[in-house]
Amino acid sequence: MGTKTAAILLTACLLLSACTATKPESTATSNHQDSVASDSSNSAKDQSNVSSPKSSSKQAGSDDHNFAGKTSAQNDKTSESNETGVATSATPTNKMYHLDKAYNVIPNQQGTKKKVVLLTFDDGPKEVAMINKIIDVLDKHKAKAIFFVNGYRVKQHPKLLKLIHDRGQSIGNHSWDHIVLKNKSEAEVKKQIEPVQKIVKDITGQAPVFFRPPHGAGGDVGRKVAKENGLLYMTWSVGSLDWTMKKNQPNKTDALLKNVTEQLHPGSNILMHELPWTAEALDSLLTRLEQKGYQFVDPQSIEVPASS
């Protein structure tokens with residue numbers, strides 16, 4: 001073999017060797033990239049596998065959070081409603097309270113304000129000035145009340161009934177003639193309750209959902225007829241004794257405040273009347289109740305029975 005031929009062969013061998021050396025490096029790089037890609041893919045899968053339960057948990061947590069958020073929001077509304085006397089936030093479908101056997105106002109669920117009172121006024125409607133004065137004070141304290149009316153008075157003063165309704169207060173049925181119903185026949189009791197339902201609905205567009213028997217004496221028949229008309233039967237649990245006071249009696253405001261505060265307890269259902277001295281004392285009374293930490297229940301937040 002000539003020298004020239006040997007040189008050519010040597011050069012060819014060196015080139016072949018260089019190509020072979022380069023290829024494994026490229027393969028290693030490629031394998032590393034594949035490995036990284038595979039690791040990334042596996043890592044992504046692993047992350048996906050690891051995060052899937054977290055995602056599920058997060059979703060469940062989100063649902064739980066949303067549920068809790070809704071519950072909290074509802075509770076916040078309940079709390080706000082109670083803080084403001086539940087005047088504007090309580091709706092007929094949001095029944096937060098019920099009455100117990102002693103006619104006290106009781107929360108339907110935990111977390112609802114217990115230290116509340118229900119304000120009620122019987123034996124109207126009587127005089128426009130007195131009604132406006134009472135409702136002005138209620139508005140000042142963001143309070144709502146039930147005005148238990150007599151049918152014969154409504155017939156005499158339909159505009160006064162509409163005034164009470166238009167000013168955002170609740171109207172209750174207090175019978176037609178303000179007579180003791182306890183020992184009356186069912187027919188007689190119906191004549192005392194049902195015409196009041198009709199006249200109030202004719203004037204205001206809404207029939208009463210609360211019934212208070214005159215003198216607190218309705219008897220079993222009164223309860224039955226009230227329920228048949230979709231009325232919640234109640235008397236009271238705290239009496240202001242304003243009906244025992246006389247026009248010329250001194251210190252009637254102090255007496256009324258004492259009568260109420262001495263009996264006061266959470267859920268008090270306070271009986272008052274459309275009387276001049278009650279209207280005069282009302283601002284002081286509501287201020288005193290607020291100072292004692294009480295708030296005012298909107299009657300519309302109280303459960304009533306379905307008519308049968």
Side-chain angles (χ1 to χ4, degrees), residues 87 118-141 143-181 184 188-218 222 225-226 229-236 239-247 252 256 269-283 285-286 296 298-300 304:
L118 174 63
L119 305 173
T120 68
F121 299 89
D122 287 12
D123 296 358
K126 293 180 180 177
E127 299 174 9
V128 63
M130 186 163 51
I131 290 170
N132 277 325
K133 186 170 186 176
I134 289 172
I135 298 178
D136 285 346
V137 173
L138 293 174
D139 287 349
K140 175 183 175 181
H141 292 269
K144 298 292 184 182
I146 305 173
F147 286 75
F148 283 101
V149 299
N150 298 124
Y152 80 92
R153 291 189 186 277
V154 172
K155 187 176 180 180
Q156 291 171 349
H157 307 292
K159 289 183 180 179
L160 296 186
L161 182 81
K162 194 167 187 310
L163 171 64
I164 296 169
H165 173 76
D166 290 349
R167 293 201 61 180
Q169 301 298 322
S170 293
I171 295 169
N173 185 327
H174 197 40
S175 85
W176 190 271
D177 291 309
H178 202 275
I179 61 174
V180 175
L181 303 177
K184 298 290 187 293
E188 288 175 297
V189 173
K190 282 178 176 286
K191 286 179 181 178
Q192 287 295 318
I193 293 177
E194 293 179 351
V196 179
Q197 293 296 95
K198 183 179 186 306
I199 195 171
V200 172
K201 186 173 183 180
D202 287 346
I203 294 169
T204 67
Q206 296 177 351
V209 294
F210 304 105
F211 173 69
R212 174 174 283 160
H215 312 286
V225 174
N229 283 273
L231 288 158
L232 176 62
Y233 180 103
M234 71 170 81
T235 59
W236 59 89
S240 67
L241 300 181
D242 58 354
W243 65 94
T244 67
M245 298 175 188
K246 306 300 181 185
K247 186 176 180 181
K252 288 190 289 294
L256 191 148
N269 178 350
I270 303 174
L271 168 63
M272 295 175 281
H273 291 76
E274 281 189 33
L275 292 167
W277 43 88
T278 303
E280 193 64 39
L282 189 60
D283 189 27
L285 175 62
L286 300 194
F296 312 113
D298 187 330
Q300 297 303 312
V304 298

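When side chains are defined from C-beta on, N173 does not count as touching V149, because their heavy atoms never get closer than 4.5 Å. In this structure the side chain of W176 never reaches within 4.5 angstrom of the side chain of I193, judged on heavy atoms. Side-chain atoms of I203 and V154, non-hydrogen and from C-beta on, do get closer than 4.5 Å to each other. Counting heavy atoms from C-beta on, the side chains of P214 and L181 come closer than 4.5 Å. Side-chain contact between M234 and F148 is present, with heavy atoms from C-beta onward closer than 4.5 Å. Residues F296 and L286 have side chains in contact (heavy-atom distance under 4.5 Å, counting atoms from C-beta outward). Side-chain contact between V196 and S175 is absent, with no heavy atoms from C-beta onward closer than 4.5 Å. Between P213 and T235 there is a side-chain heavy-atom pair separated by less than 4.5 Å.
Checked against side chain to side chain donor-acceptor pair (under 3.5 Å), E274 has no partners two or more places apart in sequence or in another chain. The side chain to side chain contact (heavy atoms under 4.5 Å, CB included) check on H165 picks up I171, T204, Q206, with sequence neighbours excluded. With sequence neighbours excluded, the residues satisfying salt bridge (charged side-chain N to carboxylate O under 4.0 Å, His left out) with K133 are E280. A search for side chain to side chain contact (heavy atoms under 4.5 Å, CB included) contacts involving E127 returns M130, not counting sequence neighbours. For the side chain to side chain contact (heavy atoms under 4.5 Å, CB included) test, residues two or more places apart in sequence or in another chain that qualify with K247 are W277. Checked against side chain to side chain donor-acceptor pair (under 3.5 Å), Q169 has no partners two or more places apart in sequence or in another chain. Every residue two or more places apart in sequence or in another chain that forms a side chain to side chain contact (heavy atoms under 4.5 Å, CB included) with L241 is listed here: W243, T244, N259. Remark: D123 pairs with no residue by the salt bridge (charged side-chain N to carboxylate O under 4.0 Å, His left out) rule, at least two apart or across chains. T120 pairs by the side chain to side chain donor-acceptor pair (under 3.5 Å) definition with R212, not counting sequence neighbours. Under the rule for a ring-ring contact (aromatic ring centres under 6.0 Å, His included), F210 has no partner lying at least two apart in sequence or in another chain.
Annotation for F121 and A145: closest pair CE1-CB, 3.7 Å, computed over non-hydrogen atoms. Here the closest heavy-atom approach between residue I131 and residue K126 is recorded as CD1-N, 4.1 Å.
The structure places CD of Q197 at 9.0 Å from CZ of F211, a figure rounded to the nearest 0.5 Å. Considering OG of S240 and CG of L271, their distance stands at 5.5 Å, rounded to 0.5 Å. Here the CG-OH distance, from D177 to Y152, works out to 8.0 Å after rounding to the nearest 0.5 Å. Note that the CG atom of L282 and the NE2 atom of H141 stand 7.0 Å from one another [nearest 0.5 Å]. A distance of 8.0 Å separates CD1 in I134 from CG in L275, rounded to the nearest 0.5 Å. Separation of atoms CG (N269) and CG (L118) is listed at 4.5 Å; rounding is to 0.5 Å.
The salt bridge (Lys or Arg N to Asp or Glu O under 4.0 Å) analysis of residues 201-210, with sequence neighbours excluded, yields the pairs K198-D202. Here side-chain hydrogen bond (donor to acceptor under 3.5 Å, both in side chains) pairs that include residues 154-163, with residues two or more places apart or in two chains, are K162-D166.
Looking only at atom types and distance, the side chain of H273 has a donor-acceptor partner in the side chain of D242 under 3.5 Å away. Residues D122 and H178 have side chains that never bring a donor and an acceptor to within less than 3.5 angstrom of each other.
The main-chain N or O of G168 is found under 3.5 Å from a side-chain atom of K144 such that the two form a donor-acceptor pair. Using modelled atom types, one side-chain atom of D298 and one backbone atom of Q300 make a donor-acceptor pair closer than 3.5 Å. N150 places a side-chain N or O within donor-acceptor distance of the main-chain N or O of H174, the cut-off being under 3.5 Å.
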